[in-house]
Enquirer: 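Please see the structure below; I have some questions.
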Amino acid sequence: MEHRYEPREIEPRWQRVWEDEQTWHVDNAALDEAGVDPVYVLEMLPYPSGEPHVGHLKNYAIGDAVAHFRRRRGDTVLHPMGFDSFGLPAENNAIKTGQHPREATEASIASFQRQFRDWGVSIDWSREIASHRPEYYRWTQWIFLKLFEHGLVERRSAAVNWDPVEETVLANEQVIDGRGERSGALVEIRQLEQWFLRITDYAQRLLDDLDTIEWPEHVKTMQRNWIGRSQGAQVVFHNDELDADYEVFTTRPDTLFGATFFVMAPEHPDVLRLAEGTEQEQAVREYVNRSLAGDRSERGAADKQKTGVFLGRHVVNPVNGDRLPMYVADYVLMDYGTGAIMAVPGHDQRDFDFAQAYDLPVKRVIAGPADPAGESLEEAADGGPLSDDAAAGGSPSPDDDALPYVGDGPLVNSHPDFDGTHNREALASISDWLATEGKGQASINFRLRDWLVSRQRYWGCPIPIVHCDRCGVVPVPEDQLPVVLPDVEDYKPKGKSPLAAAEEWVATSCPTCGGPARRETDTLDTFVDSSWYFLRYTDAGNDGAAWDPAVTNRWLPVDQYIGGVEHAILHLLYARFFCKALSDIGVLDVNEPFQNLFTQGMITKDGAKMSKSKGNTVAPREIVERFGADSARTYVLFLGPPDQDADWSDEGVEGVNRFLSRLWRFAAEAAEAGGAVVAQDGTVSGAPGATAPVDPQGDDLELLRKAHWAIDKVTQDLDGRFAFNTAVAAVMELTNAISARRNAVVQDGGNPDAGAAAATAGDATGWAAIRFATATAVSLLQPFAPHLAADAYQRLTGLRIWEQPWPVAEQRFLERDEFELVVQVQGKVRDRLTVPVSASREQLEELALASDKVRAHVDGKTVVKVIVVPGKLVNVVVR
RNA sequence: GCCCGGGUGGCGGAACGGUAGACGCGGCGGACUCAAAAUCCGCUUCUCGCAAGGGAGUGUGGGUUCGAUUCCCACCCCGGGUACCA
């Protein structure tokens with residue numbers, strides 16, 4: 001009989017079974033059963049736009065493999081799915097076409113769902129969420145109110161990033177090189193009333209708790225850098241003319257004695273006031289206006305020539321009473337530290353550059369390492385930019401190191417108490433001294449900013465706030481949620497949210513006083529939606545609460561989270577923040593949401609990122625139609641290590657498809673061959689003419705060994721290693737071995753079509769071994785190719801593969817009584833000998849030295865040493 | 001500049017400090033076929049050699065070791081993140 005692998009027939013058939021039986025549904029009641037090990041496997045929430053791309057395919061192929069593997073290892077697996085369905089693409093489409101974003105979004109969701117089903121991903125669809133639906137965003141609003149109630153929401157006027165193309169503000173994180181992340185437009189700075197979440201309150205915990213989670217090290221590093229903790233000191237500088245104190249933050253209080261001027265950011269609120277009445281007033285005003293108008297990217301360029309203007313005022317250095325001229329300069333940033341710095345040109349490159357440009361004094365307070373007599377001059381002669389600058393600035397004495405000097409060394413020119421002390425030691429004592437003198441104190445500063453969450457856009461979650469003339473900002477009471485997003489005519493933002501045009505919706509009454517009030521018209525950043533969806537999955541049907549902590553705390557943390565590195569900072573940081581905040585509030589007990597994180601690499605085409613404009617996209621739908629979902633899934637996993645980028649190849653998919661076809665055919669054939677079977681203990685039962693089970697022999701034994709080797713290999717590769725590519729390769733090897741044995745048996749006359757009756761005893765055991773090996777291969781492949789596995793396994797055994805436990809390798813088949821001994825001379829392989837495993841070290845050495853090939857390389861030389869690695873090799877060292 | 005990744009056949013990639021190149025793609029040769037496709041079998045790092053066999057080889061240069069793709073030092077190239085953060 002002709003056997004043909006027909007994924008187009010097989011795959012929908014099994015998908016229907018799983019759907020009809022709700023195979024992947026997991027009930028929360030399962031949590032109460034004895035011995036249940038709840039495991040949460042989650043891929044990052046997709047944004048539904050058009051159709052899924054190969055990145056999604058890879059993401060879900062990985063996640064589904066993990067989910068299947070863990071189920072068959074006996075865990076109770078939660079594997080849900082949903083959609084990050086608020087956001088700009090649907091809204092921009094609405095602006096262009098007039099189609100309601102909801103329609104486009106729901107259409108995309110339907111397309112995604114259809115394809116995820118076509119892929120056979122084992123999802124519990126009963127828990128599906130979509131962030132744009134009121135039954136979901138009702139609870140997004142509830143969370144906002146909880147945070148508000150606990151002081152973690154703030155409305156304040158702030159200099160914000162304004163994207164002139166999208167006509168909305170952006171979070172710092174969404175500004176790349178001074179341009180909007182999506183629009184690419186140069187971002188302007190505007191002063192606006194905005195909503196913030198106080199994530200900075202959690203900076204230290206967000207940093208510390210990275211040590212408690214299993215994430216790729218580079219992702220942790222990115223988060224650490226983003227949080228940007230700096231240890232240093234706050235120091236107060238006094239201005240006599242206005243009798244004002246100005247604090248600065250510095251990580252180098254050891255260089256305080258080297259401060260020669262003082263600089264404020266152009267945005268600093270006191271800059272104009274300070275210059276007022278001085279002859280510098282006009283110049284300062286012009287400078288500030290110019291720098292505020294300029295775009296951010298230009299200002300950010302580190303190699304830019306430094307500019308600034310004297311404020312006409314001075315501050316006093318608290319440690320030595322020096323009068324320092326005050327400047328405004330755009331190299332000082334308002335949103336880091338206090339927006340003002342003490343400038344130490346002797347030991348800071350930026351301050352040095354500024355000092356050079358404006359001819360300000362440079363003072364050394366830390367001695368360099370160089371031998372005063374010689375070395376430093378040679379270094380200077382080598383001609384780095386530093387030494388050139390120093391020469392141009394006229395370094396005070398030739399035996400000094402080039403300035404600025406940013407290294408360590410003993411303090412000089414500072415204070416009798418400190419001179420001579422190493423600067424690293426002085427760091428702490430100067431901070432202490434400042435504190436006792438009341439001139440400052442040790443301080444920690446973070447780079448992390450509060451999270452700006454308001455957006456002047458339509459397609460987002462309405463902020464549940466009402467503005468009342470009498471009561472001010474009033475939160476919408478919980479029992480009035482959700483605040484439903486109204487329909488509008490025009491989606492285009494005109495400097496304010498399109499919601500402002502929905503006048504009937506905006507006009508409301510104050511929940512507190514009942515008087516006329518207006519609804520908040522900004523919507524929430526969509527990162528808010530995706531910061532808690534993994535909590536909702538655990539209790540998705542709950543319409544009385546966002547979740548039941550008794551349930552959610554059991555499922556969380558997510559045991560395995562899988563997604564792209566592009567979310568290494570924003571999404572992952574925000575989600576961590578939400579869990580900590582909600583746990584502090586008392587509605588949750590989850591310190592860290594994602595215990596294990598796996599970040600997948602990108603799939604490229606022809607070495608480049610896929611994009612429509614380049615025309616190098618690969619549509620998963622087309623691949624699935626041509627080769628089937630199993631081939632597509634197995635291929636993306638076989639492509640290479642899943643955490644690395646990999647290039648798509650059509651020939652590669654064909655190769656995997658070829659492999660699956662072969663395996664399926666062997667299974668179909670072996671299922672019909674009948675006859676003996678391999679029993680649980682590895683013996684062969686029911687061979688014609690045999691009254692008792694027999695041990696497999698010869699080629700059959702070798703095939704069974706290969707099968708057990710594959711079990712061992714695949715299990716190790718999947719158990720926390722994510723080595724899908726080598727796991728698939730192992731099953732391919734097993735399939736090659738099956739093929740060889742099958743060809744031999746058929747050659748021998750063991751016609752599979754003849755059935756058990758016609759088969760000889762040898763053929764019967766041969767088919768038994770093939771059937772066992774095939775069933776094993778199929779079983780091991782199930783996490784990658786679930787349809788093929790279900791179909792082939794049912795043919796072979798009548799059983800449902802997804803209900804079978806993961807196979808376990810039998811030790812007796814892994815062990816051998818002989819092995820190939822590699823014999824080296826001087827570390828070079830000269831011979832390979834088949835030797836008994838039981839051979840002693842001495843015997844191995846003897847056998848190795850007895851080899852003719854070895855002797856040829858040893859003769860005439862003296863054997864100095866013989867290294868014996870039992871079970872592996874012998875290395876003969878000669879002289 | 002700083003912080004991560006990564007450099008291995010024609011290509012994607014394998015290798016607890018112990019046989020470099022598993023597995024796949026591509027290529028070459030063969031079987032089956034009237035023919036082709038599909039399928040099956042064999043070969044396929046480079047190089048010298050008819051062969052047996054030898055030599056070289058994991059970005060470059062050093063080092064540790066009986067033995068290094070693997071560990072250490074210095075450097076080169078590619079990709080990503082970040083950048084006037086005081």
Side-chain angles (χ1 to χ4, degrees), chain A residues 4 176-177 216-222 224-226 228-230 232 248-252 255 263 265 299-304 306 329-333 335-344 347-351 353-354 445-449 565-566 568-569 601-602 604 607 609 635 638-641 643-656 658-659 661-662 665 713 723 725-736 739-740 742-743 746 820-832 853 856 864-869 871-878:
Chain A
R4 228 181 116 84
I176 316 282
D177 287 337
E217 208 46 52
H218 68 277
V219 176
K220 290 191 188 184
T221 305
M222 280 194 241
R224 286 192 188 105
N225 292 342
W226 191 263
R229 184 186 194 271
S230 296
V248 302
F249 173 75
T250 175
T251 54
R252 296 293 304 275
T255 63
V263 191
R299 176 166 172 190
D303 51 2
K304 194 191 127 190
K306 292 202 171 24
D330 67 3
Y331 82 93
V332 173
L333 308 177
D335 56 7
Y336 185 78
T338 61
I341 62 156
M342 65 173 199
V344 185
H347 303 283
D348 182 283
Q349 183 66 49
R350 297 153 300 175
D351 296 343
D353 293 344
F354 191 82
N445 204 41
F446 291 94
R447 201 189 86 115
L448 183 68
R449 306 264 60 88
V565 245
E566 64 272 22
I569 300 172
M602 211 173 35
T604 57
K609 194 170 171 171
Y635 172 65
F638 181 62
L639 203 46
D643 56 334
Q644 284 174 30
D645 291 352
D647 205 59
W648 180 275
S649 131
D650 287 337
E651 292 78 15
V653 200
E654 285 173 34
V656 167
R658 200 145 44 220
F659 153 63
S661 304
R662 258 153 56 94
R665 280 202 312 275
K713 171 75 177 149
N725 54 333
T726 51
V728 174
V731 182
M732 285 175 170
E733 277 194 59
L734 175 57
T735 304
N736 289 343
S739 172
R742 177 249 175 222
N743 288 343
V746 171
E820 193 184 66
L821 178 73
V822 171
V823 186
Q824 301 178 327
V825 179
Q826 304 293 68
K828 286 189 176 171
V829 180
R830 296 301 180 186
D831 203 0
R832 297 155 208 271
K853 290 173 186 169
V864 186
K865 197 168 169 186
V866 180
I867 310 285
V868 180
V869 184
K872 285 272 184 197
L873 61 71
V874 172
N875 186 16
V876 182
V877 186
V878 294

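This one's a predicted model, so the numbers in the text were calculated from it and none came from an experiment. Residue numbers begin at 1 in each chain, while the letters A, B, ... track the order of the sequences.
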Enquirer: Using the side-chain heavy atoms of A:K865, tell me which of these nucleotides is nearest: B:rC25, B:rC23, B:rC66.
Expert: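 In terms of side-chain proximity for A:K865, the closest of B:rC25, B:rC23, B:rC66 is B:rC66.
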Enquirer: Which part of the nucleic acid does A:R830 contact within heavy-atom distance under 4.0 Å: base, sugar-phosphate only, or nothing?
Expert: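 Here A:R830 touches the backbone only, sparing every base.
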Enquirer: Roughly how far apart, to the nearest Å, are B:rG61 and B:rA68 at atom P?
Expert: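 Approximately 15 Å lies between the P atom of B:rG61 and that of B:rA68.
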Enquirer: Students often get this wrong, so: under 4.0 angstrom with heavy atoms, is A:G228 touching a base, only sugar-phosphate, or nothing?
Expert: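 Result for A:G228 = nothing.
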Enquirer: Whole Å only: how far is the CZ atom of A:R742 from the P atom of B:rC41?
Expert: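 That distance rounds to 9 Å.
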Enquirer: What is the distance, rounded to the nearest whole Å, between atom CG of A:L873 and atom P of B:rG17?
Expert: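 Going from CG in A:L873 over to P in B:rG17 covers 15 Å.
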Enquirer: Using purine N1 to pyrimidine N3 plus N6-O4 or O6-N4 for Watson-Crick, or N1-O2 and O6-N3 for G-U wobble, both under 3.5 Å, which nucleotide pairs with B:rA37?
Expert: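 Paired with no nucleotide.
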Enquirer: Any idea which of B:rU39, B:rG6, B:rC23 is nearest the A:R665 side chain?
Expert: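 Of all the options, the side chain of A:R665 is nearest to B:rU39.
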Enquirer: Between A:N743 and B:rC41, is there a contact of a side-chain N or O with OP1 or OP2 at under 4.0 Å?
Expert: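 Result: yes.
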Enquirer: Once you round it to whole Å, what is the distance between P of B:rC2 and CG of A:N225?
Expert: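 Atom CG in A:N225 sits about 14 Å away from atom P in B:rC2.
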Enquirer: Using purine N1 to pyrimidine N3 plus N6-O4 or O6-N4 for Watson-Crick, or N1-O2 and O6-N3 for G-U wobble, both under 3.5 Å, which nucleotide pairs with B:rG79?
Expert: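 B:rC4 is the nucleotide pairing with B:rG79.
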Enquirer: Which part of the nucleic acid, if any, lies within reach of A:T250 when heavy atoms closer than 4.0 Å are counted: base, sugar-phosphate only, or nothing?
Expert: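 Answer is sugar-phosphate: A:T250 comes under 4.0 Å of backbone atoms only.
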Enquirer: Under 4.0 Å, heavy atoms only, any strand: does A:E217 hit a base, just the sugar-phosphate, or nothing?
Expert: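 If one applies the 4.0 Å heavy-atom cut-off, A:E217 turns out to touch nothing in the nucleic acid.
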Enquirer: Has A:S230 got a side-chain N or O lying under 4.0 Å from the OP1 or OP2 atom of B:rA86?
Expert: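 It does, given that an N or O in the side chain of A:S230 lies less than 4.0 Å from OP1 or OP2 of B:rA86.
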Enquirer: Between A:Y331 and A:D353, does any side-chain donor sit less than 3.5 Å from a side-chain acceptor?
Expert: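 No, no side-chain donor-acceptor contact under 3.5 Å.
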Enquirer: For B:rG57 versus B:rC75, give the span between their P atoms, rounded off to a whole number of Å.
Expert: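 25 Å, rounded to whole Å.
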Enquirer: So, taking the atom named CE in A:M342 and the one named OG1 in A:T250, what distance separates them when rounded to the nearest 0.5 Å?
Expert: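 One finds 3.5 Å between CE of A:M342 and OG1 of A:T250.
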Enquirer: Could you report the tightest heavy-atom contact between A:N875 and A:L873, atom names first, then the distance?
Expert: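 A:N875 and A:L873 have their closest heavy atoms at N-CD1, 4.1 Å.
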Enquirer: Does A:S739 have a side-chain nitrogen or oxygen under 4.0 Å from the phosphate oxygens OP1 or OP2 of B:rC41?
Expert: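 The answer is yes; a side-chain N or O of A:S739 sits under 4.0 Å from OP1 or OP2.
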Enquirer: Step by step, work out the side-chain contact (heavy atoms from CB on, under 4.5 Å) result for A:N736 and A:R662.
Expert: CA-CA 9 Å; A:N736 289 343; A:R662 258 153 56 94; 2.5 Å; yes
Enquirer: Roughly how many Å apart are B:rA22 and B:rC84, using the P atom of each and rounding to a whole number?
Expert: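 Taking atom P in both B:rC84 and B:rA22, they lie 48 Å apart.
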Enquirer: On a whole-Å scale, what distance lies between the P atoms belonging to B:rC28 and B:rA36?
Expert: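 These two P atoms come out 15 Å apart once rounded.
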Enquirer: Take A:Q824 and A:V876 through the side-chain contact (heavy atoms from CB on, under 4.5 Å) test and state the conclusion after the steps.
Expert: CA-CA 6 Å; A:Q824 301 178 327; A:V876 182; over 6 Å; no
Enquirer: Taking the nucleotide of RNA chain B with the nearest heavy atom to each, does A:I341 or A:F659 sit closer to the 5' end?
Expert: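 By nearest-heavy-atom nucleotide position, the 5'-most residue is A:F659.
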Enquirer: Whole angstroms only, please: what is the CZ-C1' distance between A:R658 and B:rA37?
Expert: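 So the CZ-C1' distance, A:R658 to B:rA37, works out to 13 Å.
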Enquirer: Could you tell me how far B:rC11 sits from B:rU45 if I compare only their C1' atoms? Round to whole Å.
Expert: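 One C1' to the other, the span is 13 Å.
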Enquirer: Give A:D647 one of three labels, base, sugar-phosphate or nothing, depending on what nucleic acid heavy atoms sit under 4.0 Å from its own.
Expert: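 Result for A:D647 = nothing.
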Enquirer: Quick one: is A:R447 getting a side-chain N or O under 4.0 Å of the B:rU82 phosphate, OP1 or OP2?
Expert: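 Negative; the distance criterion is not met.
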Enquirer: Could you tell me whether the phosphate oxygens of B:rA22, OP1 or OP2, come under 4.0 Å of any side-chain nitrogen or oxygen in A:N725?
Expert: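 Negative; the distance criterion is not met.
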Enquirer: May I have the distance from A:L639 (atom CG) to B:rC25 (atom P), rounded to whole angstrom?
Expert: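 So the two atoms are 13 Å apart, to the nearest Å.
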Enquirer: With the side chain of A:L333 defined as its heavy atoms from C-beta on, choose the nearest nucleotide among B:rC66, B:rC40, B:rA86.
Expert: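 The listed nucleotide nearest to A:L333's side chain is B:rA86.
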Enquirer: Consider the side chain of A:Q644, meaning its heavy atoms from C-beta on, and name the nucleotide among B:rA14, B:rG12, B:rG6 that approaches it most closely.
Expert: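 For the A:Q644 side chain, the nearest candidate turns out to be B:rG6.
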Enquirer: Round to a whole Å and report the spacing from NE2 of A:H347 to P of B:rA86.
Expert: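 My rounded result for the distance is 17 Å.
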Enquirer: Which part of the nucleic acid does A:V877 contact within heavy-atom distance under 4.0 Å: base, sugar-phosphate only, or nothing?
Expert: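 The residue A:V877 makes sugar-phosphate contact but no base contact.
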Enquirer: Check every atom of B:rA15, B:rC23, B:rC4 against the side chain of A:N736 and return the nucleotide holding the closest atom.
Expert: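 In terms of side-chain proximity for A:N736, the closest of B:rA15, B:rC23, B:rC4 is B:rC23.
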Enquirer: Rounded to the nearest angstrom, tell me the gap between atom CH2 in A:W226 and atom C1' in B:rC2.
Expert: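 Atom-to-atom, A:W226 to B:rC2, this comes out as 16 Å.
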Enquirer: In whole angstrom, give me the gap between the P atoms of B:rC16 and B:rG62.
Expert: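 Going atom to atom, P in each nucleotide, I get 27 Å.
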Enquirer: Which part of the nucleic acid, if any, lies within reach of A:E820 when heavy atoms closer than 4.0 Å are counted: base, sugar-phosphate only, or nothing?
Expert: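 Base: the residue A:E820, judged by heavy atoms under 4.0 Å, touches a nucleobase.
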Enquirer: Using atom C1' in both nucleotides, what's the gap between B:rG21 and B:rG9 to the nearest angstrom?
Expert: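 Comparing C1' positions in B:rG21 and B:rG9 gives a spacing of 7 Å.
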Enquirer: With heavy atoms under 4.0 Å as the rule, sort A:D351 into base, sugar-phosphate or nothing.
Expert: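 The answer is nothing, as A:D351 stays clear of every strand by at least 4.0 Å.
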Enquirer: Paired with B:rC84: which nucleotide, if any, by Watson-Crick or G-U wobble criteria at under 3.5 Å for both distances?
Expert: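 In the structure as shown, B:rC84 has no Watson-Crick or wobble partner.
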Enquirer: If the glycosidic angle is within 90 degrees of 0 it's syn, otherwise anti, so just tell me which one B:rG9 is.
Expert: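 Base orientation relative to the sugar is syn.
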Enquirer: Taking OP1 and OP2 of B:rA56, is either one under 4.0 Å from a side-chain nitrogen or oxygen of A:K828?
Expert: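 Affirmative; the distance criterion is met.
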Enquirer: What nucleic acid atoms does A:V869 come within less than 4.0 Å of, heavy atoms only: base, sugar-phosphate, or nothing?
Expert: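 Base contact - A:V869 has a heavy atom under 4.0 Å of at least one base atom.
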Enquirer: Of the candidate nucleotides B:rG18, B:rA86, B:rA22, which contains the atom at the shortest distance from the side chain of A:K872?
Expert: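 Per side-chain heavy atoms of A:K872, the pick is B:rG18.
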Enquirer: Within 45° of the axis and under 6.0 Å from the centre of the six-membered ring of A:F354, does NZ or CZ of A:K306 qualify?
Expert: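 Cation-pi check for A:K306 and A:F354: fails.
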Enquirer: State whether a side-chain donor-acceptor pair under 3.5 Å links A:N445 with A:S230.
Expert: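 A:N445 vs A:S230: no donor-acceptor pair found between side chains.
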Enquirer: Taking A:R658 first and then A:E651, would you say they form a salt bridge - that is, a charged N and a carboxylate O separated by under 4.0 Å?
Expert: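 No, no charged N to carboxylate O under 4.0 Å.
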Enquirer: Using a 3.5 Å distance criterion without hydrogens, assess whether the side chain of A:D351 forms a donor-acceptor pair with backbone atoms of A:V344.
Expert: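 Yes, the answer is positive, given that a donor and an acceptor are paired below the 3.5 Å cut-off.
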Enquirer: Please figure out whether A:G652 or A:E733 has its closest RNA chain B nucleotide nearer the 5' end.
Expert: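 The residue mapped nearer the 5' terminus is A:E733.
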Enquirer: Given atom CE of A:M342 and atom P of B:rA86, what is their separation to the nearest angstrom?
Expert: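 Going from CE in A:M342 over to P in B:rA86 covers 12 Å.
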Enquirer: If the P atom of B:rG63 is compared with that of B:rC3, how far apart are they to the nearest Å?
Expert: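 Between the two P atoms, the distance is 27 Å.
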Enquirer: From the list B:rA86, B:rG26, B:rC4, which nucleotide is the closest neighbour of the side chain of A:H218?
Expert: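 Ranking B:rA86, B:rG26, B:rC4 by closest atom to the A:H218 side chain puts B:rC4 first.
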